[in-house]
Amino acid sequence: MARPYNFSAGPAAMPEAVLQQAAAEMLDWHGCGMGVMEMSHRGAAFGEILERAEHDLRTLLAIPDHFKVLFSQGGALAHNAIVPMNLAGRHPRRAIDVVVTGAWSQKSAQEAARYGDVHVAASGEPARFTAIPAPATWALRRDVAYVHLCSNETIHGVEFHTLPDLRALGCDAPLVIDFSSHVLSRPIDWSRVGLAFGGAQKNVGPAGLTLVIVREDLLGHALPICPSVFDYQRLAEAHSMANTPPTYAIYIAGLVFQWLLAQREGDRTGVAAMEARAIARAQRLYAAIDGSSLYVNEVEPAARSRMNIPFFLRGDDGKPLRDPSHPRNAAFLQGAQARGLLQLKGHKSVGGMRASLYNAMPMAGVEALVEYLRDFERGA
Ligand SMILES: *Cc1c(COP(=O)(O)O)cnc(C)c1O
């Protein structure tokens with residue numbers, strides 16, 4: 001029996017080959033007589049796992065040498081506090097600008113306000129987060145510790161397809177991005193980024209593990225209230241081992257990195273192959289939604305996410321049925337489940353449906369969903 005297709009926004013589907021390999025190595029990793037969960041983080045075996053994971057991640061994302069890669073913990077929401085604790089001290093008034101394009105950057109702005117002087121430079125809220133305000137209209141302050149944005153808004157399905165060039169906008173501050181839900185699905189222009197962070201559970205591995213990739217010159221400004229194991233400079237000096245790191249999660253992430261490096265799409269490999277697949281999957285699903293009279297996605301085409309696609313069924317009056325408990329929504333989800341199409345229910349703050357198409361989702365899963373959309377529309 002093939003596994004069902006899992007459209008969860010996170011924790012999300014993993015590449016099946018990675019789960020198989022982890023299962024095979026569960027009791028004995030490479031003949032050392034113990035599983036990865038059981039080994040000392042200071043031992044040679046785990047040292048090898050950590051070093052390879054970092055090396056492979058650097059290769060996949062072409063991370064320049066003057067950036068540190070940190071394997072931290074706490075999830076992206078903990079780092080909404082830990083980032084300002086590390087970077088706000090770069091500015092005498094701890095000034096932080098945030099561009100709010102959805103629920104996650106809104107949360108980041110609220111949390112950062114506990115540690116710094118936060119100014120919302122632009123917000124997509126008046127448009128109900130269906131578009132990204134044009135960078136030329138952002139009210140950036142010139143002199144701030146950093147500018148924060150969420151490069152893929154998982155809940156509202158809005159993605160930056162180009163990162164802003166802050167210098168061209170008259171702002172010399174480093175850009176911080178929360179890339180939790182699209183990391184490794186596209187290349188990153190590091191010349192425009194000072195710090196990138198994200199939880200692992202969307203596109204990388206088990207929940208808890210949190211990636212932080214930070215330009216070296218930004219380190220060394222942690223506020224005294226910052227817990228020392230979350231002081232990015234200390235964490236960098238300790239090679240992510242300021243305390244016991246999430247060893248098993250790092251191991252699984254490492255297997256995902258190896259899987260990604262082995263993926264091919266035409267003459268593309270790794271992240272370039274993932275990007276080609278992501279574009280193909282997203283185009284297929286958006287085309288099916290746009291081409292129907294039952295389904296609707298309200299996001300402006302230029303800002304549509306390749307990873308998270310929220311959509312609504314329409315009611316008999318043609319209006320989107322946002323209420324998850326509407327009988328048509330309930331019937332849709334029940335029928336999907338019966339076909340092995342799992343976790344399509346939208347986020348509670350938006351309602352409707354959401355299909356998350358991360359790296360582990362094969363095109364066949366999207367085809368199965370598109371076929372179901374068509375069949376359900378015929379019967380509706
Ligand atoms: C899932 C998600 C988060 C929350 O991550 P946690 O690990 O639950 O803290 C934050 N930001 C984005 C963009 C996300 O997709």
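Atoms within each ligand, like the ligands themselves, are counted from 1 in listed order. Here the structure is a predicted model, which means the values were calculated and not measured. Side-chain atoms are counted along with the backbone in the values below, which use heavy atoms only and exclude waters and symmetry mates.
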Exercise. Is there a donor-acceptor pair under 3.5 Å between the side chain of His79 and the backbone N or O of Val212?
Worked result: no

For this session: Could you please provide the protein residues found below 4.0 Å of ligand 1 on a heavy-atom basis, arranged by chain and number?
Result: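 Answer by chain and number: Gly75, Ala76, Leu77, Trp104, Cys150, Asn152, Thr154, Asp178, Ser180, Ser181, Gln201, Lys202.
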
Exercise. With a cut-off of under 6.0 Å to the ring centre and 45° to the axis, is Arg90 in cation-pi contact with Tyr146?
Worked result: no

Exercise. So, are Glu367 and Arg284 salt-bridged, with charged N and O less than 4.0 Å apart?
Worked result: yes

Exercise. Do NZ/NE/NH1/NH2 and the carboxylate oxygens of Arg128 and Glu298 come within less than 4.0 Å?
Worked result: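 Yes.
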
For this session: Please identify each residue that fulfils salt bridge (Lys or Arg N to Asp or Glu O under 4.0 Å) with Arg58, with sequence neighbours left out.
Result: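 Glu54.
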
For this session: Report yes if some heavy atom in the side chain of Asn359 is under 4.5 Å from a heavy atom in the side chain of Leu184; otherwise report no.
Result: yes

